[in-house]
Amino acid sequence: AQSVAQPEDQVNVAEGNPLTVKCTYSVSGNPYLFWYVQYPNRGLQFLLKYITGDNLVKGSYGFEAEFNKSQTSFHLKKPSALVSDSALYFCAVRDTGRGSTLGRLYFGRGTQLTVWP
Amino acid sequence: SQTIHQWPATLVQPVGSPLSLECTVEGTSNPNLYWYRQAAGRGLQLLFYSVGIGQISSEVPQNLSASRPQDRQFILSSKKLLLSDSGFYLCAWSVRDMGTGELFFGEGSRLTVL
């Protein structure tokens, strides 16, 4: 079965420090992986995706994510956090294996990132 | 470019009243369409998805229904709202068939049932 885990409900970092938001996944085939950000009372905004190729993916607002097949992880990172990065972050996976529902994304429960000044 | 619109943005309804939330997509054809609910500002629950006009799949049994009367229009409805229907409802679309599957979300509709 397909699933996504975000083991941390909350991540707190100081402005200017590096940040990491963790995500692990489980799929039967090759994964397509995504990160989204949600600001209060807004829809989810697409940040970045991994489909194939280079394991380090760069996205919007200076974020990047590293795909690690052996650890089945896709952690979101940023070298220097900003207060404006404070938001709810969602990891999602699409399973491309046989029997998977075409186009269906499975979301993690979200991680609240707080960056303090 | 593609855009997705949801309305109304906020709604306060009494228990037992009907509901209609609308979603339209512009700038693309034959999209997959989705309705999600987000409770308490956290996890997303997929309610319905549609791969074409009149084709609706329901993920969970509930007091809600969905319809797709036109290719780029997706409607979430209820005949009689329950308190438990309160939440933040998100419409989304994705490219059908050859897309990589990422979803593009609307700005959401916050429903409060009193």
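Just so it is clear, the model here is predicted, and its values are computed rather than measured. Chain identifiers are assigned alphabetically (A, B, ...) following the order of the sequence lines, protein sequences preceding nucleic acid strands; residue numbering begins at 1 within each chain.
- Looking at Q45(B), there are no atoms closer than 4.5 Å to chain A (heavy atoms on both sides), in backbone or side chain.
- Members clustered with V12(B): L114(B), by chain and number, using a 4.5 Å side-chain heavy-atom cutoff among hydrophobic residues.
- V95(B) and I53(B) are members of different hydrophobic clusters when ILVMFWY side chains are connected at heavy-atom separations under 4.5 Å.
- Residues L82(B) and F48(B) do not share a hydrophobic cluster, defined by chaining ILVMFWY side chains whose heavy atoms lie under 4.5 Å apart.
- Annotation: Y36(B) is in aromatic contact with F107(A) [ring centroid separation under 6.0 Å].
- Side chain of Y36(A) to backbone of F104(B): no donor-acceptor contact under 3.5 angstrom is found.
- Here the side chains of Q38(B) and L88(A) are in contact, with some heavy-atom distance below 4.5 Å.
- A single hydrophobic cluster is not seen to contain both W7(B) and Y89(B); linkage of ILVMFWY side chains at heavy-atom distances under 4.5 Å, directly or through other members, places them apart.
- Judged as a salt bridge (Lys or Arg N to Asp or Glu O under 4.0 Å), and not counting sequence neighbours, the contacts of R42(A) are E107(B).
- Note on F46(A) and Y32(A): same hydrophobic cluster, where clusters join Ile, Leu, Val, Met, Phe, Trp and Tyr whose side-chain heavy atoms are under 4.5 Å apart, directly or indirectly.
- For the ring-ring contact (aromatic ring centres under 6.0 Å, His included) test, no residue two or more places apart in sequence or in another chain qualifies with F88(B).
- Of all residues in residues 61-85 of chain A, none places a non-hydrogen atom less than 4.5 angstrom from a non-hydrogen atom of chain B.
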Original post:
Would Q38(A) and L90(B) count as a side-chain contact (heavy atoms from CB on, under 4.5 Å) if you check the C-alpha gap in whole Å, the side-chain angles of each, and the deciding distance to 0.1 Å?
Top reply: CA-CA 12 Å; Q38(A) 185 182 31; L90(B) 291 159; 4.3 Å; yes
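- Placement of V11(A) and V37(A) within a single hydrophobic cluster is found when ILVMFWY residues are connected by side-chain heavy-atom separations under 4.5 Å, directly or transitively.
- The shortest heavy-atom contact between E102(B) and L105(A) is CA-CD1, 4.3 Å.
- Side-chain atoms of L44(B) and L44(A), non-hydrogen and from C-beta on, do get closer than 4.5 Å to each other.
- When heavy atoms are compared at a cutoff of 4.5 Å, I4(B) does not approach chain A at all.
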